[in-house]
Amino acid sequence: MTANQPVPAAQYLRMSTEHQQYSLEHQSAAIQRYAETQGFEVVRTYSDAAKSGLVLKHRTGLRQLLQDVVSGDASCRAILVYDVSRWGRFQDSDESAHYEFLCKSAGVPVHYCAEQFANDGSLPSLIMKALKRTMAGEYSRELSARVIAGQKRLTLLGFKQGGVPGYGLRRMLVSASGVPKQELAFGERKSIATDRVIQIPGPPHEVNTVKEIYRLLISERRSICSIARKLNSNGVPRPGHAKWDASAIRMILTHPKYAGCAVFGQVSKKLHTPVVKVPRSEWIVSPGAFEPIVDAATWAAAQKAISRHPFQRTDEDLLQDLRALLAFGGRLSLTLIKNSPDVMAPGTYSRRFGNLRNAYRLIGYDGQCRLGGVETRLRTMAIHKALISRIATMFPNEILIVRPGIHWRARLRLFNRLTVSVLIVRSALVYKNARRWVVEPVRHERNFITLMARLDEQNRAILDFHVLPNVNRPKRFELSLNDPWLSRGERIVDLTRFREVVKQVRRGRRPCEGTLSKRSE
């Protein structure tokens, strides 16, 4: 390149929405004048229109510039920028310096055309750049604080601050003096800075649906999921979504805007930081700002009902309820928890803490013996499931596992659609060394051929198997080890003969020798 030829350069332009005076045309004109006086020729332009300078990920122009420079694809020998603030208002001034350093390391220095110092690496220029970068970041922080303060003030005056209105509500554009102008459609914004926005009730069918949601919660005491299912079964449309879900119902029942309040500050996302939920006590709430859909009494009743829902209760809240019940009654049990109106259902504690034993342990209560029955039932269910799976695996082409519904026990289906019930029988020490096996007939399976599996003394493993024609007794009963009642059926020694034994019991015949033991041992 000869001395008379200009040096090819790229210009970077950025205009944020807060600084319209620094338009892209203004920046480009200033950069062009600088290029003419300094011997540069602008051969390429990178720009970010209406982009904040706080973070890099939203600035496609700067990202492309850095990528081209670092990869060596840039056709320029210099980068021309209007000033330090156009390069970025990064909250960490080192980030701004880092991006400039990447360019300089690739042999493409950055020139700030409107600054009063030359970016030549001298001590004064380094000090000025560091100061300017810090001032640019501080300006954004101060601007953010002023904007938030203004939004809080307008909220207290009863105006809505951005965001969608929500189901059952619409936005109304009003003048600074509060005179209604027009209802804003989805995506429309005010065009005059002095205009304001308020919320108004939406279409009658949506308003009626909101009122129905509150009625279902308060009067019918339905859960949030139940309300969603009710709306979906009734074919109530939800704009923009296929179906109603729990989150939509929860928002309608808990957001103060449905009681006519203007609300601001539910979340915080200052200076493009991650979204943080703000405690309800710190929200800016202006009661009576808008026409409510539900009255104050209905709103209060709904909040009281919602407060008893599990999703509103923290783990510590649940544990504190248990402590209060323990202090009142002196002990805890499954029955006490079920019957207490101030304590969540035992299932809630199982979902949160794994089981009731863990919840007891967290509050320092030694309720091991009281929970023994619960653990035994869970172990019995696991043994039942494992036994059914084992038998079905042994006869893959002849036996199926069937379950009439989600609330029904699994059964075995054999040849000719014969259904066999599987009954796990626990042992219990009834008096001193007298051990019995407690049989609890299943109401819907009493007349089925039944495979009875008795457990050992610890109720951890299967002791023996008996195939019985039925267990047609109305209530629980006890069996001794060699109880004569067992002679109604046959004892299985080898489960591989299960199918054959079931067939023999069905026909009322004695199985082949070796398959079964004697009727009474």
Tell me every residue that passes side chain to side chain contact (heavy atoms under 4.5 Å, CB included) with Ala246, counting only those two or more places apart in sequence or in another chain.
Ile224, Cys225, Arg250
Is it the case that atom CZ in Arg280 sees more than 12 heavy atoms from other parts of the structure closer than 6.0 Å?
yes
Heavy-atom donor-acceptor pair, Ser389 side chain to Ala386 backbone, under 3.5 Å
no
Distance-only check: which donor-acceptor pairs under 3.5 Å involve side-chain atoms of residues 101-112, not counting sequence neighbours?
from	atom 1	to	atom 2	distance (Å)
Ser105	OG	Phe101	O	2.8
His111	ND1	Tyr34	OH	3.3
Tyr112	OH	Glu100	OE1	2.7

Test your reading of the model: is there a side-chain donor-acceptor pair from Ser233 to the backbone of Lys230, 3.5 Å cut-off?
yes
Applying salt bridge (charged side-chain N to carboxylate O under 4.0 Å, His left out), name anything that partners Glu138, two or more places apart in sequence or on another chain.
Arg141
Check whether Asn358 reaches the backbone of Gly354 with its side chain - one donor and one acceptor, N or O, closer than 3.5 Å.
no
Non-neighbouring partners of Phe290 that pass ring pair (Phe, Tyr, Trp, His ring centres under 6.0 Å), sequence neighbours left out
none
Please determine whether the number of non-hydrogen atoms from other residues, nucleotides or ligands lying under 6.0 Å from atom CD of Glu291 exceeds 12.
no
Ignoring hydrogens and geometry beyond distance, is a side-chain donor-acceptor pair present between Tyr12 and Asp48 at under 3.5 Å?
yes
When rounded to the nearest 0.5 Å, the distance separating CD1 of Ile213 from CD1 of Ile249 is 4.0 Å
Ser125 side chain to Asp120 side chain, donor-acceptor N/O pair below 3.5 angstrom
yes
Quick check on Lys190: does its NZ atom have over 12 non-hydrogen neighbours (other residues, nucleotides or ligands) under 6.0 Å away?
yes
As a quick check of understanding, evaluate side chain to side chain contact (heavy atoms under 4.5 Å, CB included) for Lys129 and Phe117, giving each step before the final call.
CA-CA 9 Å; Lys129 276 197 301 183; Phe117 60 89; 3.5 Å; yes
Any residue meeting ring pair (Phe, Tyr, Trp, His ring centres under 6.0 Å) with His444, in chain and number order, not counting sequence neighbours
Trp408
Checking Arg89 side chain against Gly137 main chain: does a donor-acceptor pair fall under 3.5 Å?
no
If you look only at pairs with a residue in residues 201-231, which of them pass as a ring-ring contact (aromatic ring centres under 6.0 Å, His included), with sequence neighbours excluded?
none
Under a 4.5 Å cut-off applied to non-hydrogen side-chain atoms, are Cys113 and Tyr82 in contact?
no
Using ring pair (Phe, Tyr, Trp, His ring centres under 6.0 Å) as the criterion, list what pairs up with Tyr167, not counting sequence neighbours.
Trp244
More than 12 heavy atoms of other groups within 6.0 Å of Arg146 CZ
yes
What I'd like to find out is whether the side chain of Trp283 reaches to under 4.5 Å of the side chain of Pro256, using heavy atoms alone.
yes
For Asp94 and Arg133, run salt bridge (charged side-chain N to carboxylate O under 4.0 Å, His left out): C-alpha distance rounded to whole Å, both residues' side-chain angles, the deciding distance at 0.1 Å, then the answer.
CA-CA 9 Å; Asp94 290 343; Arg133 288 167 180 154; over 6 Å; no
Please check if the side chain of His26 supplies one atom and the backbone of Leu24 the other of a donor-acceptor pair under 3.5 Å.
no
If only atom types and distance count, is the side chain of Tyr365 paired as donor or acceptor with the main-chain N or O of Leu332 below 3.5 Å?
yes
For Lys132, give me all partners under salt bridge (charged side-chain N to carboxylate O under 4.0 Å, His left out), at least two apart in sequence or on another chain.
Glu115
Hey, does Arg171 have a side-chain heavy atom less than 4.5 Å from the side chain of Lys160?
yes
Flag the pair Glu41 / Pro8 as yes when at least one side-chain heavy-atom distance between them is below 4.5 Å, and no otherwise.
no
Minimum heavy-atom separation for Gly265 to Val278, with atom names?
O-CB, 3.3 Å
For the atom pair CE (Met172) and CD1 (Ile198), what is the distance rounded to the nearest 0.5 Å?
6.5 Å
With Gln32, which residues qualify under side chain to side chain contact (heavy atoms under 4.5 Å, CB included), at least two apart?
Glu36, Val42
Can a donor-acceptor pair be found between the side chains of Ser333 and Thr335 at a distance below 3.5 Å?
no
Would you compute the distance between atom CD of Glu95 and atom CG of Leu54 and round it to the nearest 0.5 angstrom?
10.0 Å
Sequence neighbours left out, what passes salt bridge (charged side-chain N to carboxylate O under 4.0 Å, His left out) with Asp317? Give chain and number order.
none
Set of residues satisfying salt bridge (charged side-chain N to carboxylate O under 4.0 Å, His left out) with respect to Asp295, sequence neighbours excluded:
none
For Gln266, run the side-chain hydrogen bond (donor to acceptor under 3.5 Å, both in side chains) check against Glu282, His255, Lys277 and tell me which one passes.
His255
Starting at CG of Leu173, measure out to CG of Leu184 and round the result to the nearest 0.5 Å.
5.0 Å
Donor-acceptor under 3.5 Å (Lys257 side chain, Pro165 main chain)
yes
Assess the residue pair Asn355 and Tyr349 against the criterion (side chain to side chain contact (heavy atoms under 4.5 Å, CB included)); give the C-alpha distance rounded to whole Å, side-chain angles, the decisive distance to 0.1 Å, and a yes or no.
CA-CA 6 Å; Asn355 51 52; Tyr349 287 91; over 6 Å; no
When you compare the side chain of Leu356 with that of Ile337, does any pair of heavy atoms fall below 4.5 Å?
yes
Would you say Met251 has more than 12 foreign heavy atoms packed within less than 6.0 Å of its CE?
yes
With a 4.5 Å heavy-atom cut-off, do Arg331 and Leu336 have their side chains touching?
yes
Is a donor on one side and an acceptor on the other found under 3.5 Å between the side chain of Ser71 and the backbone of Gln67?
yes
Supply the atom-to-atom distance Leu326 CG to Leu319 CG, rounded to the nearest 0.5 angstrom.
12.0 Å
If you count the non-hydrogen atoms of other residues, nucleotides and ligands that lie under 6.0 Å from CD in Gln116, is the total more than 12?
no
Going by atom types only, do Tyr46 and Asp68 share a side-chain donor-acceptor pair under 3.5 Å?
yes
Run the side chain to side chain contact (heavy atoms under 4.5 Å, CB included) test on Ser28 and Gln11 for me, step by step, so that the C-alpha distance in whole Å, both residues' side-chain angles and the decisive distance to 0.1 Å come before the verdict.
CA-CA 8 Å; Ser28 182; Gln11 63 176 349; 3.5 Å; yes
Decide yes or no on side chain to side chain contact (heavy atoms under 4.5 Å, CB included) for Leu322 and Val343, but give the supporting numbers first.
CA-CA 7 Å; Leu322 280 184; Val343 181; 4.2 Å; yes
Donor-acceptor pair, distance only, cut-off 3.5 Å: does the side chain of Arg196 make one with the backbone of Phe159?
no
Quick test of your reading: applying salt bridge (Lys or Arg N to Asp or Glu O under 4.0 Å), list the pairs with at least one residue in residues 200-220, sequence neighbours left out, ordered by first then second residue.
Arg170-Glu206, Glu212-Arg215, Arg215-Glu220, Glu220-Arg222
Closest non-hydrogen contact found for Ala302 with Ile218 is N-CD1, 3.8 Å
